[in-house]
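So the structure is just underneath, and the comments pick up after that.
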2 protein chains.
Amino acid sequence: MINLFFMSKCEQCIVRELSSLKALNKDELLRIAECKTSRTIKKGEPIFEEGDVVNGVYCITSGICKMSKLSANGKDQIVKLIKAGELLGQRSMISDEPANLSAIALEDMEVCFIPKAEILNFFDTNNQFSMNLMKTICGDLKETSDHLVSISQKTVKERLAETLIYLQDNFGKNPDGSLHIQLSREELAGMIGTATESCIRLLSDFNKLGLIELSGKKIILKDMAKLKRIAD
Amino acid sequence: MINLFFMSKCEQCIVRELSSLKALNKDELLRIAECKTSRTIKKGEPIFEEGDVVNGVYCITSGICKMSKLSANGKDQIVKLIKAGELLGQRSMISDEPANLSAIALEDMEVCFIPKAEILNFFDTNNQFSMNLMKTICGDLKETSDHLVSISQKTVKERLAETLIYLQDNFGKNPDGSLHIQLSREELAGMIGTATESCIRLLSDFNKLGLIELSGKKIILKDMAKLKRIAD
DNA sequence: TAAAAGTAATGATAATTGTCATATAAATTG
DNA sequence: CAATTTATATGACAATTATCATTACTTTTA
């Protein structure tokens, strides 16, 4: 009865729908349900940090987190954002290395932890699963390469426009039209790779030009066409 | 007899020694030897270009190439360098997408092409091979993330020092002590993500400070300690 | 609710980096 | 080998971006 309960939970889980785990059959899901542990993470808290040994994979059931790295000058570069339905920690598990990036909650989160042994077992016995995992990581690699080229070749203004569009496209907007994802100015600066003040200044410029609207912490994209033109 | 000949060639191949292919057994190597095609690429020529459909994987038998992407402003960002012993085109093969980056020879190269069907077959039947491939791609992902943070957070001067050290550590030096890999100033600028003139200027500065020595196209690293300190 | 702490906004200024022009050196070609 | 092209180097200047200082606004905490 307890097993059925857990199994049903994993079966209906958003992570199962969206991630590599969709290749798992009922038996395999049952095994996960039996070994997984759930955790709640509060906004601002880490799931794991750079250098931690992560002996498994985290499934994001709800919430959003940032994957970032502290650089020598003390600034936090956000490499990637992760939302519900995705897995976390796959790379360091496969490479058998400590985490290269910190994962910190941007809102309250629910995550499930699946131990490494379980995942590696599926990797060996379920080709569709390993192929899915592989494709996910390849997708990450492409995204990161493109991000690298963008940071390297675009101006801060272009990157800000690009990032605002990215945030709306990937995390949606609230009923009032503002970006759903809540980033501080410092975090937004960390995403585009610039100083906080430069980021704030450009947001003000965009605001004055009517491209966006700022009300408190909320950002509303007003002129997508022009933003897209700036972003290239 | 012909098969034995080819098999022996693949068995002794540097790519077999160094890449994911080391997991293949004699039978599997024989199959590769039978289906592979070899090619010579001259310096400056592409193996494939951004957008090309690459229906397999290239083994680099000799030579070095750059993986780069043309950005909107016409500059070529070098994302990665690849040398003998490595595989090329794995990501786009697995993602089933056109190449995201161009691969262009920096010196004359010898490459072997292995069709996709063959590789995917090994992927399904040889767990060690798929694990190796996975680890390679995970390694690439880590490297690219770190490169991203470096480009985003370090100054051009820091990145130049870092890149010069990287080039010496990974591609060695000639008998006269100069960097073995031959990059034009434009390419070096494309690696560190800056304008060609800025790159040239900083090389001159490093030269005047005695950190490096420039003689023609050759670059000799003279003061590794100081270069490392600059690179952080 | 008032004080404190943190976050956002803006000005002033400095440092970094890019662009354009031009000179010099090296490589290629007829 | 001279002529042409290409790559490297440098100067002058402009644009972008960072840093530091200050103020205004929000949120948290006592």
Side-chain angles (χ1 to χ4, degrees), chain A residues 42-45 71-77 106-107 150-164 178-179 182-209 212-220 230-232, chain B residues 42-44 71-77 106-107 150-164 178-179 181-209 212-220 230-232:
Chain A
K42 292 232 174 87
K43 181 174 177 174
E45 284 179 0
S71 70
N73 60 27
K75 282 184 188 163
D76 209 42
Q77 176 68 38
L106 292 175
E107 15 178 274
S150 163
I151 285 199
S152 182
Q153 303 284 357
K154 289 186 175 176
T155 64
V156 175
K157 189 193 287 184
E158 290 165 346
R159 280 181 270 147
L160 176 58
E162 187 179 51
T163 300
L164 290 173
S178 65
L179 295 184
Q182 283 273 20
L183 295 172
S184 68
R185 298 295 190 257
E186 191 179 2
E187 284 168 331
L188 188 54
M191 274 200 79
I192 68 182
T194 191
T196 307
E197 297 94 323
S198 301
C199 175
I200 289 174
R201 238 177 273 276
L202 283 171
L203 283 173
S204 291
D205 291 351
F206 281 8
N207 189 17
K208 278 167 198 153
L209 291 168
I212 64 174
E213 194 182 305
L214 298 174
S215 61
K217 277 190 198 290
K218 292 190 178 287
I219 300 174
I220 302 175
I230 291 174
D232 276 0
Chain B
K42 292 231 174 89
K43 181 175 175 171
S71 69
N73 61 28
K75 282 185 189 162
D76 210 42
Q77 175 68 38
L106 291 175
E107 15 178 274
S150 163
I151 286 199
S152 181
Q153 304 283 357
K154 288 186 176 177
T155 65
V156 175
K157 189 192 288 182
E158 290 166 346
R159 280 181 270 148
L160 176 58
E162 185 179 52
T163 301
L164 290 173
S178 64
L179 295 184
I181 192 171
Q182 283 274 17
L183 295 171
S184 67
R185 299 294 190 258
E186 192 179 2
E187 285 167 331
L188 189 53
M191 275 199 79
I192 68 182
T194 190
T196 307
E197 295 95 323
S198 300
C199 175
I200 290 174
R201 236 178 276 275
L202 283 171
L203 282 173
S204 292
D205 291 350
F206 281 9
N207 190 17
K208 278 166 200 154
L209 291 168
I212 65 174
E213 194 182 305
L214 299 173
S215 61
K217 280 192 196 287
K218 292 190 180 287
I219 300 174
I220 302 175
I230 292 174
D232 276 0

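Quick note on labels: first sequence line is chain A, next is B, and so on, each numbered from 1.
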>> Nearest to the side chain of B/Glu197, heavy atoms from C-beta on, is which of C/dA8, D/dC20, C/dT19?
In response: C/dT19
> When the distance from CZ of B/Phe206 to P of D/dT8 is rounded to whole Å, what number comes out?
Replying inline: 18 Å
> A/Gln153 has an atom CD; how far is it from atom P of D/dT17, in whole Å?
Replying inline: 13 Å
> Mapping A/Gly216 and A/Arg159 to their closest nucleotides on DNA chain D, which lands nearer the 5' end?
Replying inline: A/Arg159
> Start at the 5' end of DNA chain D and walk down; is the nucleotide closest to B/Leu183 or to A/Thr194 reached first?
Replying inline: B/Leu183
> What is the distance from CD of B/Glu186 to P of C/dA27, rounded to the nearest Å?
Replying inline: 17 Å
> Side-chain contact, heavy-atom cut-off 4.5 Å: A/Ile212 with A/Ile220?
Replying inline: no
> With no angle test and no hydrogens, is the base of C/dT19 tied to the side chain of B/Arg201 by a donor-acceptor pair under 3.5 Å?
Replying inline: yes
>> Heavy atoms only, 4.0 Å cut-off, all strands: where does A/Ser198 land among base, sugar-phosphate and nothing?
In response: base
> Side chain of B/Ala195: nearest nucleotide among C/dT10, C/dT7, C/dG18?
Replying inline: C/dG18
> Where the side chain of B/Lys157 meets the backbone of B/Leu202, is there a donor-acceptor pair that is under 3.5 Å apart?
Replying inline: no
>> When you measure from the side chain of A/Arg185 to the backbone of A/Ile200, do you find a donor-acceptor pair of N or O atoms at a distance under 3.5 Å?
In response: no
> Roughly, in whole Å, what's the span from NZ in A/Lys43 to P in D/dT28?
Replying inline: 9 Å
>> Without decimals, in angstroms, what is the distance between B/Asn73 CG and C/dC20 C1'?
In response: 16 Å
>> How many whole angstroms separate atom CG of B/Asp205 from atom P of D/dT10?
In response: 9 Å
> Can you check the B/Leu160 CG to C/dT17 P distance for me, whole Å?
Replying inline: 11 Å
> Considering only side-chain heavy atoms of A/Leu214, which listed nucleotide, C/dA8, C/dA9, D/dA9, is closest?
Replying inline: C/dA9
> Contact class for A/Thr155 (heavy atom, under 4.0 Å): base, sugar-phosphate, or nothing?
Replying inline: sugar-phosphate
>> On DNA chain C, compare the nucleotides closest to A/Ser204 and A/Ser152; which residue's is nearer the 5' end?
In response: A/Ser204
>> Of the listed nucleotides (D/dA9, C/dT7, C/dT17), which one gets closest to any side-chain atom of A/Lys217?
In response: C/dT7
> Hey, does the side chain of B/Lys154 come within less than 4.0 Å of D/dA18's phosphate (OP1/OP2), counting only N and O?
Replying inline: no
> Is it true that a side-chain atom of B/Gln77 and a backbone atom of B/Gly190 form a donor plus acceptor pair closer than 3.5 Å?
Replying inline: yes
> Rounded to whole angstrom units, what separation is found between the CD1 atom of B/Ile200 and the P atom of C/dC20?
Replying inline: 16 Å
>> Within the 4.5 Å heavy-atom criterion, are B/Leu106 and B/Gln182 side-chain neighbours or not?
In response: no
